[in-house]
Amino acid sequence: MSHSGKPQRIGAVKQITSHSNPIVKEIKGLVAMRKHRSQSGLFVAEGLKLATDALEADWGVRYLALGPEARDNPVAQTAAAAAKARGALILEVSNAVMSAMTRKDNPQMVVGVYEQNILSAKDVDPAGATLWVALDRVRDPGNLGTIIRTVDAVGGAGVMLVGDCTDPFAVEAVRATMGSLFHVPLARMSKEEFKALAAKWPGTVAATHLKGSVDYRTPDYREPALLVMGNEQKGLEDDMAEACPTLIRIPQVGQADSLNLAVATGIALYEIRRKHLEL
């Protein structure tokens, strides 16, 4: 059974030499346009590490494209065999075709196409969780990917995407997760759904906000904690902040106006999880 719960089928191997092949065009569309990713429920992840991470997490895989270098790479061949056993179509392509698919002059030796997996607000269960992060209208895919990676690093339970957020399945976001996308649950919800969830959250609900008067190192973060972070440019909207009982700030002494969103989130996450992290 695949990550999506669909019955498995045995895949096949196909050689592709033409840039105009329909599968090549399909993958190019997934790389280039959010609309294609949304309509198909698929996304692209580049690199052997991400292919291995996806397979270890039993993620649904549609295609696994192998460039010439992958054919003599035992790890890549093992990944291809595993993907084929799970029903994927294995594509043997030239470097030129791989470049066409990924829009890169020097593409990775392995490129995978995977099924999206995202939760709704009603699927978020705080019971037994360590912490969740809620992101209000995050716009930068690199920031989002880095936050997902950091949530994974501290043992967090998942990330909520509130309102009009950037696509977590964009190539840039997926790349920035360094494989953590396959291990950290994501939930997409409206502002109203988030507020309803926050109102009954059993642990500490803390948000970084300009009106915050609490040093981020002060609270006793009760699990499951919920850390709420705002938009890169405008911060957290006031009505979102009102849904969070604890408003925290990270002290600054230099001339910088603010911290990068992913950096600020990382600082807060490591403080929240400080008592639980050991070398």
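Since the structure is predicted, the reported quantities are computational estimates derived from the model, not experimental observations. Both backbone and side-chain heavy atoms feed into the values below; hydrogens, waters and symmetry mates do not.
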Point-to-point distance, once rounded to the nearest 0.5 Å, from [atom1] of [X] to [atom2] of [Y]:
| X | Y | atom1 | atom2 | result |
| --- | --- | --- | --- | --- |
| Asp152 | Phe182 | CG | CZ | 12.0 Å |
| Thr208 | Ile250 | OG1 | CD1 | 6.5 Å |
| Leu89 | Ile16 | CG | CD1 | 7.0 Å |
| Asn73 | Thr78 | CG | OG1 | 8.5 Å |
| Leu261 | Leu144 | CG | CG | 9.0 Å |
| Asp136 | Cys165 | CG | SG | 7.0 Å |

Next on the checklist: Less than 3.5 Å apart, any donor N or O on the side chain of Asp123 or Ser120 sitting next to an acceptor on the other?
Outcome noted: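 Looking only at side-chain atoms, Ser120 and Asp123 do form a donor-acceptor pair, the distance falling under 3.5 Å.
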Heavy-atom donor-acceptor pair, [X] side chain to [Y] backbone, under 3.5 Å:
| X | Y | answer |
| --- | --- | --- |
| Gln116 | Leu42 | yes |
| Arg137 | Leu236 | no |
| Lys49 | Met178 | yes |
| Thr146 | Ala262 | no |
| Trp201 | Pro224 | yes |
| Glu46 | Arg175 | no |

Among the clusters formed by ILVMFWY side chains lying less than 4.5 Å apart, do [X] and [Y] turn up in the same one?
| X | Y | result |
| --- | --- | --- |
| Val184 | Ile147 | yes |
| Val214 | Met229 | yes |
| Ile267 | Leu131 | yes |
| Val111 | Ile23 | yes |
| Val154 | Val228 | no |

Compare all side-chain heavy atoms of [X] with those of [Y] and state whether any distance is below 4.5 angstrom.
| X | Y | answer |
| --- | --- | --- |
| Leu30 | Val171 | no |
| Met101 | Val93 | yes |
| Leu161 | Met189 | no |
| Leu269 | Val151 | yes |
| His19 | Val97 | yes |
| Val174 | Val44 | no |
| Leu197 | Met160 | yes |
| Arg249 | Ser213 | no |

Other residues, nucleotides and ligands only: do more than 12 of their heavy atoms fall within 6.0 Å of [atom1] on [X]?
| X | atom1 | answer |
| --- | --- | --- |
| Asp105 | CG | no |
| Glu69 | CD | no |
| Arg34 | CZ | yes |
| Ile118 | CD1 | yes |
| Gln252 | CD | yes |

Item to check | Worked check of salt bridge (Lys or Arg N to Asp or Glu O under 4.0 Å) between Glu192 and Lys195 | outcome: CA-CA 5 Å; Glu192 290 69 28; Lys195 290 178 182 179; 5.3 Å; no
Closest non-hydrogen atom pair between [X] and [Y], with its separation:
| X | Y | result |
| --- | --- | --- |
| Val162 | Met240 | CG1-CE, 3.9 Å |
| Ala268 | Tyr216 | CA-CD1, 4.2 Å |
| Arg222 | Pro202 | NH1-O, 3.1 Å |
| Ala241 | Leu247 | O-CD2, 3.8 Å |
| Pro168 | Arg188 | CD-NH2, 3.7 Å |
| Ala76 | Ala70 | CB-O, 3.6 Å |

Checklist entry - Does the distance from a Lys or Arg side-chain N to an Asp or Glu carboxylate O, for Asp220 and Lys275, drop under 4.0 Å? => result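 Here Asp220 pairs with Lys275 in a salt bridge, since their nearest N and O are under 4.0 Å apart.
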Item to check | Residues Glu242, Lys211: salt bridge by 4.0 Å N-O rule | outcome: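 Salt bridge flag = no for Lys211 with Glu242.
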Checklist entry - Run the side chain to side chain contact (heavy atoms under 4.5 Å, CB included) check on Gln77 and Arg71 step by step: do they pass? => result CA-CA 7 Å; Gln77 290 302 312; Arg71 290 163 199 167; 4.3 Å; yes
Checklist entry - Between Tyr114 and Trp59, does the ring centroid distance fall short of 6.0 Å? => result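 Distance test on ring centres: not under 6.0 Å, no.
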Next on the checklist: What verdict does the side chain to side chain contact (heavy atoms under 4.5 Å, CB included) test give for Arg86 and Asp58, after you've listed the backbone C-alpha separation in whole Å, the side-chain angles of each residue and the deciding distance to 0.1 Å?
Outcome noted: CA-CA 9 Å; Arg86 297 180 191 184; Asp58 199 22; 3.4 Å; yes
Checklist entry - Can Gln108 and Thr102 be said to form a side chain to side chain contact (heavy atoms under 4.5 Å, CB included), step by step? => result CA-CA 9 Å; Gln108 300 274 355; Thr102 61; over 6 Å; no
Checklist entry - For Thr166 and Asp140, what are the C-alpha separation, side-chain angles and deciding distance, and is it a side chain to side chain contact (heavy atoms under 4.5 Å, CB included)? => result CA-CA 6 Å; Thr166 190; Asp140 184 88; over 6 Å; no
